Q: 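Before I ask anything, let me first share the structure, which is written out below as structure tokens.
In this text the structure is predicted, and so the values were computed from the model without any measurement.
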Amino acid sequence: MYKKIAIFPVDYDNATLVRYAFMGEYEPIALLAPELNVLEGCDISRLDGGSFANIKLFINYEEKIQESDLLYLTSSEEFINNKLYKKLFDFSKELGKEVIVSEDISKHFELSTQYVGLGDSNEVLTDIPTPHKMLTIEVPIISIFSIGEKCGQLQTEFMARKYFLSKGYRVLQIGSHDFMNNIGCLDIPDFMFNAKVDPFLKAIGFNRFIHKHCLVEKPDIILLGVPNPIMKYNDSNLNGLGINPFIIQSSIKSDIGIVNMHFGDYNDEFLEEVRLFCKYRLDVDARYFGVSNTSVLKDVDDPDKLEYLYITTEFVKSQLAFDTISDQYTVFSSFSDDDINRVFQKIENELQANPAQL
């Protein structure tokens, strides 16, 4: 029997967690971010523009927490209210409910000693011999990237897991969001985000992290959600300069890359530029491009700030061709079940064509 999990606050970025909570055997209760209370009673598809999910949005927080088995508190770019987080946490504890707090919320409010985090991502750098070398990983790796914020990367990660598990593969998955630890995925180890750790040692350590789990779990395929965008948007929106993706991809050899992008008018020339960037900077062949239900715009009043226009899957699909004119690239709607199934069938066929891969 599924546990009922109340998730707060739910907005565009967190809607994906609600959609795929069932993969961890949870029945989600979506607690809407206060700023979006006009959407109370609507289906979650009103937030992300995806297919109808039959999951309502609620703002009667305490009533819904009473109905749940546990509460998951996560971050929201639009909502930062320490008092409300603490109020819901304390209310849940008074009821004897289990409370899970995402790592970023725990750190932001300095609640790490009081609040319970997700899983164990406290992998440490140990037993790194010299001379340094990378260990070979004899399992095909699909790396899932993002070109910016709100690009549907998490959606693609969940759908990739759903597809390959449904085909009977043993899947080792490292997720870009710590919630994925609750559905059987691994977290990116903490040392990868520690500014005091040398980037060279991060790469060596991540290589050994993957190698160790391969020996234990013996997967058929590895799905890797690479955190942070692969490049800066502009000189005002640096996206971490793509440093984490560079370090991670320096530690492994991915067989296939999927790049998640905002909605836009893309042509073969643009896709080729992104492919070459991935080839020479990240050492991965990226010919699959997921398009999200967001379009990015510059703020008229503040050119350094980005704004996002939210659109529907139907509109995105109406503007895309699944294969490009040259048939060298595959462009798909990351919120379309049909597109996702087709793209992963295509990837599976590509890997099966090479017996050494899958």
Q: Given 3.5 Å as the limit, does a donor-acceptor pair link the side chain of D339 with the main chain of F332, or not?
A: no

Q: Quick one: which of L186, I248, L172 gives a side-chain contact (heavy atoms from CB on, under 4.5 Å) with L224?
A: I248

Q: Can you tell me which residue among I141, I210, D187, I144 is in a side-chain contact (heavy atoms from CB on, under 4.5 Å) with I174?
A: I210

Q: For the backbone of V316 and the side chain of S333, can you confirm whether one donor and one acceptor N or O come within less than 3.5 Å of each other?
A: no

Q: Determine yes or no for a side-chain-to-main-chain donor-acceptor pair under 3.5 angstrom, with N341 supplying the side chain and D337 the backbone.
A: yes

Q: As an exercise, state the distance from CD of Q319 to OH of Y266, rounded to the nearest 0.5 Å.
A: 13.0 Å

Q: With a 4.5 Å cut-off on side-chain heavy-atom distances among I, L, V, M, F, W and Y, is there a chain of contacts connecting I247 to L135?
A: no

Q: Apply side chain to side chain contact (heavy atoms under 4.5 Å, CB included) to the pair E157 and L223, showing each step before the final yes or no.
A: CA-CA 8 Å; E157 291 177 47; L223 303 177; over 6 Å; no

Q: For the residue pair F315 and F263, is the inter-centroid distance of their aromatic rings smaller than 6.0 Å?
A: yes

Q: From L154 CG over to M180 CE, what is the distance, rounded to the nearest 0.5 angstrom?
A: 6.0 Å

Q: Are I256 and Y288 close enough, and set up right, to give a side chain to side chain contact (heavy atoms under 4.5 Å, CB included), and what steps lead you there?
A: CA-CA 8 Å; I256 287 176; Y288 296 90; 3.9 Å; yes

Q: Salt bridge or not for D69 and K4, using N-O below 4.0 Å?
A: no

Q: May I ask you to list the residues sharing a hydrophobic cluster with F52, side-chain cutoff 4.5 Å, ordered by chain and number?
A: none

Q: Is it true that atom CZ of F246 has more than 12 heavy atoms of other residues, nucleotides or ligands lying nearer than 6.0 Å?
A: no

Q: Nearest 0.5 angstrom please: Q66 CD to N60 CG, how far?
A: 10.0 Å

Q: For L201 and F191: C-alpha separation, side-chain torsions, deciding distance, then whether side chain to side chain contact (heavy atoms under 4.5 Å, CB included) applies.
A: CA-CA 9 Å; L201 292 180; F191 65 77; over 6 Å; no

Q: Verify, without hydrogens or angle tests, whether K202 (side chain) and M192 (backbone) share a donor-acceptor contact under 3.5 angstrom.
A: yes

Q: Strictly distance-based, threshold 3.5 Å: is any side-chain N or O of K97 a donor or acceptor partner for the main-chain N or O of F91?
A: no

Q: Does the ring center of Y2 lie less than 6.0 Å from the ring center of F22?
A: no

Q: From L282 CG over to F277 CZ, what is the distance, rounded to the nearest 0.5 angstrom?
A: 5.5 Å

Q: If you apply the rule side chain to side chain contact (heavy atoms under 4.5 Å, CB included), what do you find for F289 with V274, and how did you get there?
A: CA-CA 10 Å; F289 299 90; V274 176; 3.7 Å; yes

Q: Within a reach of under 6.0 Å around NZ of K64, are more than 12 heavy atoms found that belong to other residues, nucleotides or ligands?
A: yes

Q: Between D220 and R170, is there a donor-acceptor pair closer than 3.5 Å when you use the side chain of the first and the backbone of the second?
A: yes

Q: Using a 3.5 Å distance criterion without hydrogens, assess whether the side chain of Y163 forms a donor-acceptor pair with backbone atoms of R342.
A: no

Q: For the residue pair D283 / S250, report whether a side-chain donor-acceptor contact shorter than 3.5 Å exists.
A: no

Q: Can you tell me how far CD of Q249 sits from OG of S251, rounded to the nearest 0.5 angstrom?
A: 7.0 Å

Q: Heavy atoms, side chains only, cut-off 4.5 Å: are T330 and R287 in contact?
A: no

Q: Counting distance only, does the side-chain N/O of D43 pair as donor-acceptor with the main-chain N or O of K56 below 3.5 Å?
A: no

Q: Looking at R19 and D48, is there a salt bridge between them, counting it only when a charged N and a carboxylate O are closer than 4.0 Å?
A: yes

Q: Going from CD1 on I230 to SG on C278, what distance comes out if it is rounded to the nearest 0.5 angstrom?
A: 4.0 Å

Q: With respect to L32, which candidate in D11, L47, V38, I44 satisfies the side-chain contact (heavy atoms from CB on, under 4.5 Å) definition?
A: L47

Q: Should we count CZ of R281 as having more than 12 external heavy atoms under 6.0 Å?
A: yes

Q: Could you check whether E272 pairs with R275 (Lys NZ or Arg NE/NH1/NH2 to Asp/Glu carboxylate O, under 4.0 Å)?
A: yes

Q: Does any non-hydrogen side-chain atom of I204 lie less than 4.5 Å from one of M134?
A: yes

Q: Just by modelled atom types, is the E149 backbone N or O under 3.5 Å from a matching donor or acceptor in the H262 side chain?
A: yes

